[in-house]
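Below: one structure, written as structure tokens.
Basis for what follows: all heavy atoms, side chains included, without hydrogens, waters or symmetry-related copies.
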Amino acid sequence: MDPDSQSRAAVEEHWRASERGDTESEHAIYAADAILDYPQSGERFRGRSTIAAQRGGHPASRHFTVHRIGGGGDLWVSECVITYDGVPSYSVSIMQFALGQVVHETQYFADAFGAPQWRTALAEPMPGRDISKA
């Protein structure tokens, strides 16, 4: 398998393991000294064990739906919906690889919102979405 196929497969397995609640497999993608950044809160988590601990301690019931994975070389991006206790949060994960493992991930989160009325005449709803409400 070529390096891009290996990286894609690792990202896909990361999200499948996240959905299964398989903490060990979910975090196997990370280098021991990986960094995870959440820019919106200003948090940085350093090291695979710290990344796993903060995710493992999350109090909500979580589900992961991957909409798209793309990338090449050392940079891979995932667009996901992470549902916390039934409430969706839209997420973009940017993973930087080195030697077959993620060394740096930046993850952005956003809540759903309704489209402003002035734009609705120009827009169409995305599949499965209602643009009039969140």
Check each of His27, Glu13, Glu26 against Ser18 using the side chain to side chain donor-acceptor pair (under 3.5 Å) test, and report the only one that passes.
Glu26
Just by modelled atom types, is the Asp4 backbone N or O under 3.5 Å from a matching donor or acceptor in the Asp2 side chain?
yes
Side chains of residues 68-75: which donor-acceptor pairs under 3.5 Å do they make with residues two or more places apart or in other chains?
| residue | atom | partner | partner atom | Å |
| --- | --- | --- | --- | --- |
| Arg68 | NE | Glu79 | OE2 | 2.8 |
| Arg68 | NH2 | Glu79 | OE2 | 2.4 |

Of the non-hydrogen atoms in Pro39 and Thr106, which two are nearest, and what is the gap between them?
CG-CG2, 3.4 Å
Would you say Glu24 has more than 12 foreign heavy atoms packed within less than 6.0 Å of its CD?
no
Verdict with reasoning, Leu36 to Gln54, per side-chain contact (heavy atoms from CB on, under 4.5 Å):
CA-CA 11 Å; Leu36 169 62; Gln54 69 88 17; 3.5 Å; yes
If you round to the nearest 0.5 Å, how far is CZ of Arg129 from CD of Glu124?
13.5 Å
Distance (rounded to the nearest 0.5 Å) between Glu19 CD and Cys80 SG
11.0 Å
Evaluate side-chain contact (heavy atoms from CB on, under 4.5 Å) for His14 paired with Ser93, printing each intermediate quantity in order.
CA-CA 12 Å; His14 165 77; Ser93 166; 5.9 Å; no
Taking CG in Leu99 as the centre, count heavy atoms belonging to other residues, nucleotides or ligands within less than 6.0 Å. Is the count above 12?
no
Smallest separation among heavy atoms of Ala28 and Gln101, with atom names:
O-NE2, 3.4 Å
Is there a chain of hydrophobic side chains (I, L, V, M, F, W, Y, each step under 4.5 Å between heavy atoms) that links Phe109 to Trp76?
yes
In Å, rounded to the nearest 0.5 Å, how long is the span from OH of Tyr84 to OG of Ser61?
11.5 Å
Using a 3.5 Å distance criterion without hydrogens, assess whether the side chain of Gln96 forms a donor-acceptor pair with backbone atoms of Val103.
no
Thr120 side chain to Gln117 main-chain N or O, any donor-acceptor pair under 3.5 Å?
yes
Atom of Met95, atom of Tyr30 and distance for their closest heavy-atom approach:
CE-OH, 4.0 Å
Could you go step by step and tell me if Arg62 and Arg55 meet the side-chain contact (heavy atoms from CB on, under 4.5 Å) rule?
CA-CA 10 Å; Arg62 299 177 302 157; Arg55 287 186 174 147; 4.2 Å; yes
How close do Gln6 and Met1 get, heavy atom to heavy atom, and via which atoms?
NE2-O, 3.3 Å
Determine which pairs satisfy salt bridge (Lys or Arg N to Asp or Glu O under 4.0 Å) with at least one residue from residues 106-123, sequence neighbours left out, and list them in order.
none
With rounding to the nearest 0.5 angstrom, report the CH2 to CD1 distance, Trp15 to Ile82.
5.0 Å
What class does the angle between the rings of Tyr38 and Phe45 fall in, given that below 30° is parallel, 30 to 60° is tilted and above 60° is perpendicular?
perpendicular
Remaining members of Ile35's ILVMFWY cluster at a side-chain heavy-atom cut-off under 4.5 Å?
none
Given Asp37, which partner from the list Gln107, Arg44, Arg46 fulfils the side chain to side chain donor-acceptor pair (under 3.5 Å) test?
Arg44
How long is the straight-line distance from CZ of Phe97 back to NE2 of His104, given to the nearest 0.5 Å?
13.5 Å
